[in-house]
2 protein chains.
Amino acid sequence: MREIARRAGVSCATVSRVLSGSSLVREDTAKKVRDVVSEAGFIPNPSAAMLKYGRSRTYGLVLPDLQNPFFGEFVGAFEDLLIDIDHEVLPISVQTSDKLVKSVRRMLMRQVDGAVLVSSEFDTGAVEPLLLRQIPLVTVDRRSVQVGCSDVSIDYERGFVEAVLHLKSLGHKRIGYIGGTKGPHTSEVRANAFEQAIRGAGLVFYPGLTRRGNYQVTGGEAAVMSLMKMPAPPTAIITANDLTALGAALGIHRLGGVVPRDLSIVGVDDLFLSEVVQPPLTTIRIPRKRLATACLQAMNYTKQNLERIGAEFSVPTQLIVRESTARPKSAPKKKSKR
Amino acid sequence: MREIARRAGVSCATVSRVLSGSSLVREDTAKKVRDVVSEAGFIPNPSAAMLKYGRSRTYGLVLPDLQNPFFGEFVGAFEDLLIDIDHEVLPISVQTSDKLVKSVRRMLMRQVDGAVLVSSEFDTGAVEPLLLRQIPLVTVDRRSVQVGCSDVSIDYERGFVEAVLHLKSLGHKRIGYIGGTKGPHTSEVRANAFEQAIRGAGLVFYPGLTRRGNYQVTGGEAAVMSLMKMPAPPTAIITANDLTALGAALGIHRLGGVVPRDLSIVGVDDLFLSEVVQPPLTTIRIPRKRLATACLQAMNYTKQNLERIGAEFSVPTQLIVRESTARPKSAPKKKSKR
DNA sequence: CTGTTAGCGCTTTCAC
DNA sequence: GTGAAAGCGCTAACAG
């Protein structure tokens, strides 16, 4: 920078002013500086500014599992948003929850300006250091907020209602559910949302038709195996995410069955792959862009209201009907009229 | 840090020495400092060190497409490796090649200590600024090196040979290929590798049975449609990656056919999803961990030999046989004995 | 062994 | 409108 100042015949203070777009510089001086800057290919070093202000222009993004394509896509969406405001993303994948403690340390080291926690599977203790240091937090679908921490919830409720109505209109009455393993809180919320969607549609909720999964293919497969072994198995299921749904489809196939003939399946996420598998998956889409936007919005809110309880944001979902759902085998023909 | 020094009754130089593990400190002093550090939850600010040494302990990772799960998995593998050496990864997804210029700028700003370029689809000009600033570069599968830039190639050759032999042993003779769109160089290399694998196996290479794809599902689908319309379509194909293979399978399905009955398909990557689709995909596995390790190794080599031409590293591939390959419809029964 | 000090690159008062 | 200078947190050379 000194070098630029020297070449332009000004001081580094002036160069700094030009670069930060201060209007206190005469236009011809500014132009000259800009010329020298671009000619020399000068790129300012933000670490110096960071050192001075303690802000890194970086947000931590804690994800449970980069193997799930959904999160890869989400990182991309979030990154795009940050580019526009000249920030970076520090992605952190946390397979096991004890790694969160280390991750928090990493974020602290890198002086992140905030953190988005997409794995809700964590105990508050782990993020305590972040809160203590006044780092704004945003959780996704944790359904609870606290001082310095906002939440963006994904509106599964609406998606579940749409999905259940769709299944009901096809003639399904015994609808099962394969959930996730996450923190008791979220799991509870979702299971309740499912139950209410069922009841809201005027159907009977069968607790015996719900299973736990692990948000992965393996969990969906195991759960569907267990479900189909029952004396009265479900004719349709809704799963916690597309990976679980894919696992369920695989399980049906292993059992010698066919989707949707033997079981209708509804996923959640709408991975771009869900469209190309056979059969293409009916799923409740979580819009990544909107989710990313809401996270950033929540981040800004939290930052500006650090002393107050965080706000709750919500992202809508949308049912995408494809071919993994159909009329149940046993459905009386007349139902088709409805 | 001053605060810590004050509390421990030492100077900040001593604190710094303790934190960096210097042995020049008496054990009891060091212990005391460590106690204070952990009690106060002190976390050093690396930007200061960065400012001083110009090193950020961050590597840029330029990826073509975070939507392809392979890259998500690769980011995870690379991140794991970097954690061990206390570095971070700055992931940058580059959809269009003109964005590379901006990305390069971002990496320069963040003072990355090096960059791994997984999209080989770029002209050398775009990364010139990196080279100029003596930032070590590693390309993946670019098959060329230069001063300050090493390459890690993926041994498609071996994978193609294995795949062709596998298909030949099943009785296939007309084997097609759906490539990618990447820079002319890599595409050429792969197409050649395919051709040689075919010839090496004593089969006839039919140029008319090769198509270009786009490394995505859409490309595979379009290419297979075109291929199957031919008077004498292939009985098996090898594709540039699993997404293309999935697209090809989808295309066959759209055409009313069945994989592998109407066409055997071999992919490349071994996405974890490839195992769970129907039929599970026969594919040439690229080991992410080994690839990540090789990239880091290449990075270290380049860093230590910045003045010299980079080295070439290679990562082996491995054929994983699943159910998307089978004997061709037309195969004479006696072939089965072989 | 430990303390003092200078300086990394930048921004930002405060003078001029 | 512009320059001079201090200071962000840390490290390394040097002094003690």
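One axis for each end of the helix from C/dC1-D/dG16 to C/dC16-D/dG1, each built from five base pairs, and the angle between them comes to 40° at 10° resolution.
Taking atom CZ of A/Arg6 as the reference point, atom P of D/dG3 lies 14 Å away to the nearest angstrom. The CG-P distance, from B/Leu19 to D/dG9, rounds to 15 Å in whole Å. Atom C1' of nucleotide D/dG9 and atom CZ of A/Arg55 are separated by 17 Å, given to the nearest angstrom.
The stretch residues 35-51 of chain B touches DNA chain D through B/Phe42, B/Pro44, B/Asn45, B/Ala48, each having a heavy atom under 4.0 angstrom from the strand.
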Exercise for the section: Quick one: do A/Glu79 and B/Ser93 satisfy side chain to side chain donor-acceptor pair (under 3.5 Å)? Show the steps, please. Expected result: CA-CA 8 Å; A/Glu79 187 199 343; B/Ser93 55; 3.1 Å; yes
Exercise for the section: I would like to know whether B/Asp151 and B/Thr139 meet side chain to side chain donor-acceptor pair (under 3.5 Å); could you show each step before the answer? Expected result: CA-CA 5 Å; B/Asp151 188 60; B/Thr139 54; 2.5 Å; yes
Any protein N or O atoms within reach of nucleotides 12-16 of chain D? Criterion: under 3.5 Å, listing atom names and distances.
unit_1 : atom_1 : unit_2  : atom_2 : d
D/dA12 : OP1    : B/Tyr53 : OH     : 2.8
D/dA12 : O5'    : B/Tyr53 : OH     : 3.1

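Residues B/Arg106 and A/Ile83 have side chains in contact (heavy-atom distance under 4.5 Å, counting atoms from C-beta outward). Contact annotation: the side chain of A/Leu130 approaches that of A/Met107 to within less than 4.5 Å [non-hydrogen atoms, C-beta and beyond]. Between B/Leu90 and B/Ile92 there is a side-chain heavy-atom pair separated by less than 4.5 Å. No side-chain heavy atom of A/Ile135 sits less than 4.5 Å from a side-chain heavy atom of A/Tyr59. Within the 4.5 Å cutoff, side-chain heavy atoms of B/Phe78 are placed close to those of B/Cys295.
Nucleotides of DNA chain C that come within less than 4.0 Å of any heavy atom of chain A span, from the 5' end to the 3' end, C/dC8 to C/dT13.
With sequence neighbours excluded, the residues that form a side-chain hydrogen bond (donor to acceptor under 3.5 Å, both in side chains) with A/Arg288 are A/Glu73. For B/Lys289, there are no side-chain hydrogen bond (donor to acceptor under 3.5 Å, both in side chains) partners at least two apart in sequence or on another chain.
Taking 4.0 Å as the cut-off between side-chain N and carboxylate O, B/Lys31 and B/Asp35 count as a salt-bridged pair.
Residue-level contact check: B/Val10 touches the backbone only, with heavy atoms under 4.0 Å from sugar-phosphate atoms and none from bases.
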